[in-house]
A.B. asks: 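After the structure tokens below, expect a handful of questions from me.
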Amino acid sequence: MKKLSMILLIVLPFLAQLVVLPFVNRIDPIILGLPFLQFWLFLWIVLTPLCTLGIYQLQKSQGGLE
């Protein structure tokens, strides 16, 4: 289960920023004063380090950081 979680955390930022991008390429809705595409990109700028932190924590719990 931890290996699946790690793979998901590795792949998720790439999918969100590259594969999903054509589907979120729209102006409406406006969120926090930004078109949806810009909001989506800024959101993943914040979420990508959190995914990296999750990968680090999983590796640390498995003893892979020695």
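Along the sequence shown, residues carry numbers from 1.
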A.B. asks: Return the set of residues passing side chain to side chain contact (heavy atoms under 4.5 Å, CB included) with Leu15 (not counting sequence neighbours), or none when no residue passes.
C.D. replies: Val11, Val19

A.B. asks: How many angstroms lie between CD1 in Ile10 and SG in Cys51, if you round to the nearest 0.5 Å?
C.D. replies: 10.0 Å

A.B. asks: Among all residues two or more places apart in sequence or in another chain, which pass the side chain to side chain contact (heavy atoms under 4.5 Å, CB included) test with Val20?
C.D. replies: Val24, Trp40

A.B. asks: Which atom names give the shortest non-hydrogen contact between Ala16 and Trp44, and what distance separates them?
C.D. replies: CB-CE2, 3.2 Å

A.B. asks: Quick check: do Leu50 and Leu9 have side-chain heavy atoms less than 4.5 Å from each other?
C.D. replies: no

A.B. asks: Tell me, do Leu58 and Ser5 make a side-chain contact under 4.5 Å, heavy atoms counted?
C.D. replies: yes

A.B. asks: Decide yes or no for Ser61 and Lys2: does some side-chain heavy atom of the first lie under 4.5 Å from some side-chain heavy atom of the second?
C.D. replies: yes

A.B. asks: How long is the straight-line distance from CG of Asn25 back to CG of Leu41, given to the nearest 0.5 Å?
C.D. replies: 9.0 Å

A.B. asks: Do Leu12 and Leu47 sit in one hydrophobic cluster, given that two such residues count as connected whenever their side-chain heavy atoms are within less than 4.5 Å of each other, even indirectly?
C.D. replies: yes

A.B. asks: Hey, are the side chains of Leu34 and Phe42 touching, using non-hydrogen atoms and a 4.5 Å cut-off?
C.D. replies: yes

A.B. asks: Nearest 0.5 Å please: distance from the CD atom of Gln57 over to the CD atom of Gln62.
C.D. replies: 12.0 Å

A.B. asks: Taking only residues two or more places apart in sequence, or in another chain, which ones meet Thr48 in a side-chain hydrogen bond (donor to acceptor under 3.5 Å, both in side chains)?
C.D. replies: Gln17

A.B. asks: Are Ile27 and Leu37 close enough that some pair of their side-chain heavy atoms sits under 4.5 Å apart?
C.D. replies: no

A.B. asks: Taking all heavy atoms of Ile30 and all of Pro35, pick out the closest pair and write down the distance.
C.D. replies: CD1-CA, 4.0 Å

A.B. asks: Are Ile31 and Ile45 joined in one hydrophobic group, where the rule is that I, L, V, M, F, W and Y side chains link up if heavy atoms are under 4.5 Å apart?
C.D. replies: yes

